[in-house]
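Single-structure report; data block below.
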Amino acid sequence: MASLQGQTTTFNIPEKSKQFSVGALIGKYLFHWPLFLLCLGILIPLAYIYVGTLSPVYEVKASLLIKDDKKNQDRQVSALHEIDFVNSAKTIENEIEILKSRKLTNQVVQDLKLWVNYQQKEGLKKIDLYNLTPVKINFVKQNPNFEGKTLQIIPIDGQSFDFIMPNGKSNRFQFNKAYKNSLGIWTIEPTKHLAAHIGDKLSIAVSNPETVVVLYQKAIDASLSNKLSSTIVVSLNDANAQRGKDILNQLLVNYNLSSSTDKNKDVKNTINFLDQKIAELSGDLGASEKGIEDYKSSKGLTDISLQSKVSLENLQANDTKLNDANIQLDIINRIDKYVNSSKNSEKVPSANGIDDPSLSNLIDNLSKLQLDYQELAATTPETSPEFEPINRQIKTTKQTIKEMVRSIKVSLQGKRDKLSSYNSNFESSIRSIPTQEREFINIKRQQSSKEGLYTYYLQKREEASANYAATLTDDKIIDQAYASFPKDKKNTIYALALVLGLGIPSGLIFIRSVLSNKVIGLQDITEAVDLPVIAEIPLAHQKNQIAINERDATPTSEQFRALRTRLHYLHKEKTKGRVTLITSSLPGEGKSFVSINLSISLAYTERKTIILELDMRKPKILGILNLPNNKPGLNEYFMRSASINDIIQKSGVTNNLDVISSGEAALNPSELLERPELVALIEALSEIYDDIIIDSPPVHLVPDATIVSPLTDVCLYVIRQGVTSKTELNYLETIKDQDQLKNINIVFNGLDRQKFGSGYSYSNSYYTTTKKNFLEPVFSDFGSRF
């Protein structure tokens, strides 16, 4: 070892150890590869089986153009605008809600009988027979409170089928014959596709219609194609493309029918109102015309003066305006009377003749709410809680109309008063004409007023009749329902299985490392204590604790050789009489294992070495070396019953290695170590031996190591992977701060890459050529990976 003398190089491990090692982290997971393989081996086949049960899902779409008044204010007036006066304004948002409404969805479910599903099983996959079903179930009387039920049948021929009972037995039934169970009274009839399914097992899944309506209402989506367009795109995902197209097409048909029905109800109410007013005015007008005839006959009037004619024309013009004001007040009073009524069953009066679009829209909304109320009242008692939302909406709308009517009424009354004042002025000017002519003018004025009003109502009645007969609609179907290519979920499912197959083991390993209170990796040590780790000893799987010899090279033996080299640097220039103390926190951390193998390693380099078994409470050295325990040891030396030469014995491993055992069991080891004989022993051995290795008891349990430490040059503190608790690292930091042990260096012992996945940096490939069966221990602890 002369070549090491005089060198000032120091072995500095901490800076390197404190660096985060990506390779160690990856290795920690890679060495649990059987767990990853097991999870992937389970999840990938499960994903394959699940994919085999999936049916392709089609996205079905249809588009509808809505004439949105907000987005089409500058649109061209249609050729039929003269008969379109009862149409209410539309907004795209309202139409979207109508398309997604429960009412329309329920109609589609009932029209297409979507609450009955026909299926045939092929392997693990269920085939939907929506448009190819060989049989159909018809209900003579359906139980309204039934829960979902699946019927299993096997068609035998065109006349009969086997009905499979819940217990697995089957009974022969006839087609088109009524049967009764919890579903109600039903029959099954064959279709034109029956011949292709003779002998096949078929499933008829009958669900509660209300449940199916809720599912489809959530599944149907309606949205704008873009923000600037008034085109609504209706979409639905379905495993059967034809069924999806039928649903959307039927939805659009029902939507158009609903719009036309609501329109015709509004027009019908208007026609009834106009017929009533026309009948009243017809009688009044006939009486006025008879009065003119009688007056002229009685007075003998044939002509009227120019002055009277002018006054009459002015008065008539003013009367026309006054009549319009009275008509509007009459309409307003009718509306006011209606909104102040608490009844919801009366017809909503029309707002025709009132030049206020806002009031017309509110009347239209109230009319629609009234129609909804009547439809609900036809099937539901008025005490039902279902009336609460619609009553609340009717009340709110009436309140808004009431406030608007109040404002309009004030304006019309002011206008009427002003026109009445004008009439007074005109009448005063007519008083100057002869009485007969004035009387005639009054009669004629009444007749003209009634005639104008009669003509106005008659014209509006004809317009309403034309609207009632028309079936035109503003909405236009751009695209009938069409299906896109089916969505493929296979890649997503396989990717999910792969992620779970890698993620679950990784999570288990991570949780295990987080929850573990044991020292697992080098980073656990370097983060807790500021001491160098000078060796990482791999776990030796063989039962023999002597891991080093002159013939074989194993990972464990090579690390002890590396520790031997680093020990030279720790002792610096000192080459003879080097004293090395080996201790740990608790028992079972490998002090004796490290002491023996380090001593053998030193002895193989022709250095005269001796082991002192100072762990006098639980000695292990003699047992590991298979030496007899009948020779005197340290206890006899301290009791002065044996000399130094008496207690030294050969190790039996190599001629350069000797051993001093603990001797007979001692009652007070700590007191014995404080005697001067220990100092004399170390000094005497230093003259004879190059290296003195002291195997001491655990420092956290007894003070023996701290008593011996002043006599040593270097302390090797053993920490064992998976055994030493992390709390012991805090104790080690306390020992270092209090300087209880001299020149402390850490030996990380028992690194098991198979079990913990962290540890040493040597390459296995170097050793595979040294001994043929060296890699056997790598696979011997397969179960510990889990």
Side-chain angles (χ1 to χ4, degrees), residues 13-14 17 515-537 539 545 563 570 579-598 611-621 623-624 634-635 662 665-675 678 692-752 756:
I13 298 296
S17 299
L515 297 180
S516 174
N517 190 37
K518 304 297 182 181
V519 176
I520 301 301
L522 188 62
Q523 188 176 2
D524 295 336
I525 301 174
T526 56
E527 288 178 350
V529 294
D530 187 16
L531 288 172
V533 180
I534 65 167
E536 300 176 48
I537 309 299
L539 179 65
Q545 293 196 45
L563 176 59
L570 295 176
V579 182
T580 303
L581 174 66
I582 299 178
T583 188
S584 67
S585 299
L586 299 171
E589 293 175 320
K591 299 180 302 299
S592 299
F593 173 74
V594 173
S595 299
I596 291 175
N597 285 282
L598 177 59
I611 305 174
L612 270 66
E613 192 177 36
L614 281 185
D615 190 354
M616 303 174 70
R617 295 172 177 81
K618 291 185 178 181
K620 296 180 180 179
I621 298 295
I624 295 174
L634 290 171
N635 185 34
S662 61
L667 298 177
N668 53 349
S670 299
E671 286 78 1
L672 293 177
L673 295 178
E674 294 188 17
R675 293 186 177 185
L678 178 61
I692 303 170
I693 306 300
I694 299 177
D695 179 25
S696 72
V699 70
H700 202 172
L701 299 181
V702 292
D704 296 14
T706 57
I707 296 173
V708 178
S709 181
L711 304 177
T712 64
D713 301 312
V714 174
C715 174
L716 299 183
Y717 201 98
V718 179
I719 294 175
R720 186 169 181 179
Q721 184 184 46
V723 175
T724 304
S725 174
K726 291 180 181 178
T727 57
E728 295 301 326
L729 299 179
N730 298 328
Y731 176 72
L732 176 57
E733 183 70 13
T734 302
I735 291 177
K736 185 204 75 169
D737 294 340
Q738 296 177 358
D739 200 18
Q740 296 183 26
L741 297 176
K742 190 175 181 181
N743 196 4
I744 304 175
N745 295 270
I746 295 175
V747 174
F748 197 13
N749 180 39
L751 298 183
D752 188 354
F756 299 101

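Just the heavy atoms: all of them, side chains too, but no hydrogens, waters or symmetry mates, feed the values below.
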Side-chain contact, heavy-atom cut-off 4.5 Å: [X] with [Y]?
X	Y	result
N749	V723	no
I582	I694	no
I746	I534	no
I693	L612	no
L701	P587	yes

What pairs with [X] under side chain to side chain contact (heavy atoms under 4.5 Å, CB included), at least two apart in sequence or on another chain?
X	answer
T734	Q738
L711	L678, V679, I682
P669	M616, R617, A666, D704
N730	none

Gap between atom CD of Q721 and atom CG of L522 - 0.5 Å precision: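 Going from the CG atom of L522 to the CD atom of Q721 covers 10.0 Å.
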Grab the two heavy atoms, one from [X] and one from [Y], that are nearest each other, plus how far apart they are.
X	Y	value
E589	T724	OE2-OG1, 2.6 Å
Y731	V699	OH-O, 3.2 Å
L581	A705	CD2-O, 3.7 Å
K591	P698	NZ-CG, 3.8 Å
N743	N745	O-ND2, 3.0 Å
S696	T583	OG-CB, 3.2 Å

With [X] via side-chain hydrogen bond (donor to acceptor under 3.5 Å, both in side chains) - residues at least two apart:
X	answer
T580	H571
S592	D695
N635	none
S662	none

Listed by chain and number, what are the salt bridge (Lys or Arg N to Asp or Glu O under 4.0 Å) partners of [X], not counting sequence neighbours?
X	result
E674	none
K736	E733
D713	K574

Tell me every residue that passes ring-ring contact (aromatic ring centres under 6.0 Å, His included) with Y717, counting only those two or more places apart in sequence or in another chain.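 Once residues adjacent in sequence are excluded, Y717 has no partner under the ring-ring contact (aromatic ring centres under 6.0 Å, His included) criterion.
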